[in-house]
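Okay, structure first, notes after.
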Amino acid sequence: MKKLIAMAMALIMVLGCGSAMAENTKHERVYVVTDAGGTVRSITDSIRLENADGLNELTDRTMMTEIVNAGGKESFTLDGETLTWQADGKDIIYQGTSDRQPAVIPTVRLTLDGGEVSAEELKTKTGEAELTVSYVSSGELPALAVTVLPLPEEGVSGLELTNAAVVTEMGRRVLVGWAVPGADETLKLPASFSARFKADHADLGWMMTLATSEPVNMLLREADGRLDLNLQTEIQEIGAVLTAMKAGEELPQVTGKTAEIVEKLRALNSGLTQLDDSAKQVAEGAGEVSDGAADLKNGLEKLTGRNEELNGGAQQMMAATLAFANKQIAGSGLEAAGVKLPELTAENYAQVLDGAIAGLEQIPEAKESLTALKNQLDQANEFVTGLKAYTDGVAQAAEGSSSLAAGAAKLNLGATALQLIGTGNLKTQILGAEQAAAEKLLPYLEGTVPDAMRIWEKIAQNAGKDGYDLRPEGMKTVTAYIIRTDLQ
């Protein structure tokens, strides 16, 4: 459990110290103890004055009492609110107390079967329980709040969580909830978390909350360094562009980032004109394709007329080659040697000769003669089959050329129609889409965006105003609250 809390505290310290290395900074860790209702029992503010400049004397402002040096033996003087440390180039770590309320205070509400109970009473009862942790915020900035609540080993089951999760650390379950107290309501960020569970004498003892506005400050610092535009001017120009689009008017001359969008819209409309010109060229080209397809069709039909003649001649050549082969075999003396072969045909010659050649290992001359004969028959057969494939291809091409010619004629008609009515309709549709988009976006620009600007400006105005103690002039303050809530 200590490991989990230490990790969470380290996270807040990282968030609080990540950008403070180049300047003198007042780091506050405000340790608070409260009860379940949010009543503060004690506050200790632990402060580290980061002496980045190595000054011999550090001046701070404070409202605290009972100030003690917690990190060394450096002396100080207090004159009203002015606290002066004899730092001798070192960082100063000190602590003090105050009765000022923290900027964030968690409050706990427990119910059992719909009725409110205390954690003490829950230990003696069973039923359907609900735990809700809300955060009272009095700070100038929204804060990130993370609460960890150790769960008992027994007595809590069937958890249903909202803005929370359960993690297991060293065999113990821990409920971790989060919220963003102090955020503007229009952002709809959670201001509480809850857990519903079956309670059976559940013993809930304490919880620890870590809260800081430093993530918001970091965001503001990053935005301040990166945003190089006037948001108000940009929004006004975007509104003028959308208004013109909605009315179908010429887009206005604008500056900044908006000019890039307007330039692209103008390029789009110019492209529509170029598309129309291209459609004319397509229509002219389609006419030429149609004429060429007709010529191709006529030529292929002439070639197809000779297919039967060519294939017949090839068959005659194959028949003559087979007759010559059968004659050679008959006069070869193979039958006298006990090798009798059936008459060779185009269908069986390969199988017959391969079998005979395999059985003539002892008669090399006969094997060589039959091998040469088979090669001749293979060549003749390849010619016959190749010619057949060619003539079939010509026939298919001839058939396809008819479809091609018909398709080319349709293409010609379609391209002409595209040029006459297609591009005009396309331009109308695109301009209509631009107009519809403008109609949808304008309400956001007139409602949501001003809300966002209002929230941004409010946060920006309060940047850095999240310190608990007083803020010395010229020194940044980074504040984190570590709040222990005793539930019983």
Side-chain angles (χ1 to χ4, degrees), residues 9-32 43-64 67 69-72 74 76-96 98 100-104 137-146 180-183 210-227 455-483:
M9 289 180 66
L11 173 62
I12 282 192
M13 289 181 180
V14 168
L15 289 173
C17 304
S19 60
M21 300 305 293
E23 57 183 313
N24 293 342
T25 305
K26 182 174 182 176
H27 297 276
E28 286 190 292
R29 299 294 174 264
V30 185
Y31 298 94
V32 185
I43 295 180
T44 300
D45 193 356
S46 180
I47 294 176
R48 178 168 66 91
L49 300 178
E50 185 176 358
N51 193 357
D53 296 332
L55 300 176
N56 290 327
E57 188 175 89
L58 277 178
T59 301
D60 191 9
R61 291 179 64 236
T62 187
M63 62 176 179
M64 303 231 272
I67 296 172
N69 188 334
E74 296 83 3
F76 68 90
T77 58
L78 180 61
D79 183 8
E81 295 177 346
T82 302
L83 180 62
T84 304
W85 288 93
Q86 301 306 313
D88 195 22
K90 302 176 184 178
D91 291 355
I92 297 296
I93 300 175
Y94 70 94
Q95 292 181 347
S98 169
R100 179 179 178 181
Q101 288 291 96
V104 177
S137 174
S138 58
E140 302 287 345
L141 287 173
L144 171 64
V146 180
V180 188
L210 311 172
T212 179
S213 294
E214 185 56 17
V216 178
N217 283 321
M218 291 174 63
L219 173 64
L220 291 169
R221 288 194 294 270
E222 286 294 318
D224 186 58
R226 294 174 183 270
L227 293 179
I455 295 170
W456 176 266
E457 289 174 354
K458 179 182 177 182
I459 292 176
Q461 289 171 0
N462 293 318
K465 297 181 180 179
D466 56 325
Y468 175 75
D469 197 11
L470 301 178
R471 179 186 303 275
E473 186 174 353
M475 183 180 289
K476 189 174 80 172
T477 300
V478 178
T479 303
Y481 294 92
I482 298 93
I483 306 168

Nearest heavy-atom neighbours spanning S98 and I43: O-CB, 3.9 Å
Verdict with supporting geometry, H27 and I47, side chain to side chain contact (heavy atoms under 4.5 Å, CB included): CA-CA 6 Å; H27 297 276; I47 294 176; over 6 Å; no
M475 side, atom CE; T59 side, atom OG1 - distance, nearest 0.5 Å: 8.0 Å
Contact summary for G467 and T479, nearest pair of heavy atoms: CA-OG1, 3.2 Å
Rounded distance [0.5 Å steps], CG in D466 versus CG in L141: 5.5 Å
Backbone N/O of M64 and side chain of T62: donor-acceptor pair under 3.5 Å: yes
Approximate separation, where rounding is to 0.5 Å, of E74 CD and L49 CG: 10.5 Å
With sequence neighbours excluded, residues passing side-chain hydrogen bond (donor to acceptor under 3.5 Å, both in side chains) with Q101: none
Where E28 and T477 come nearest, the two heavy atoms and their spacing: OE1-CG2, 3.6 Å
Tabulate below the donor-acceptor pairs under 3.5 Å that side-chain atoms of residues 78-89 make, not counting sequence neighbours, or state none.
unit_1 : atom_1 : unit_2 : atom_2 : d
E81    : OE1    : R61    : NH2    : 2.9
Q86    : NE2    : E57    : OE2    : 3.3

Sidechain-backbone polar pair: N24 side chain, N51 backbone, donor-acceptor under 3.5 Å: no
Any side-chain heavy-atom pair of L210 and Y481 under 4.5 Å: no
Side-chain (N69) to main-chain (G71) donor-acceptor, under 3.5 angstrom: yes
Residue pair Q95 / I67, side-chain heavy-atom distance below 4.5 Å: no
Any donor-acceptor N/O pair, S46 side chain to R29 backbone, under 3.5 Å: no
T44 side-chain N/O to Y31 backbone N/O, donor-acceptor pair under 3.5 Å: no
Heavy-atom closest pair, residues P142 and S213: O-OG, 2.8 Å
Residues in side-chain hydrogen bond (donor to acceptor under 3.5 Å, both in side chains) contact with D60, at least two apart in sequence or another chain: K26, Y94
Pairwise distance CG(L58) to CG(D91) - rounded to 0.5 angstrom: 8.0 Å
Residue pair I482, V32: steps toward the side chain to side chain contact (heavy atoms under 4.5 Å, CB included) verdict: CA-CA 6 Å; I482 298 93; V32 185; over 6 Å; no
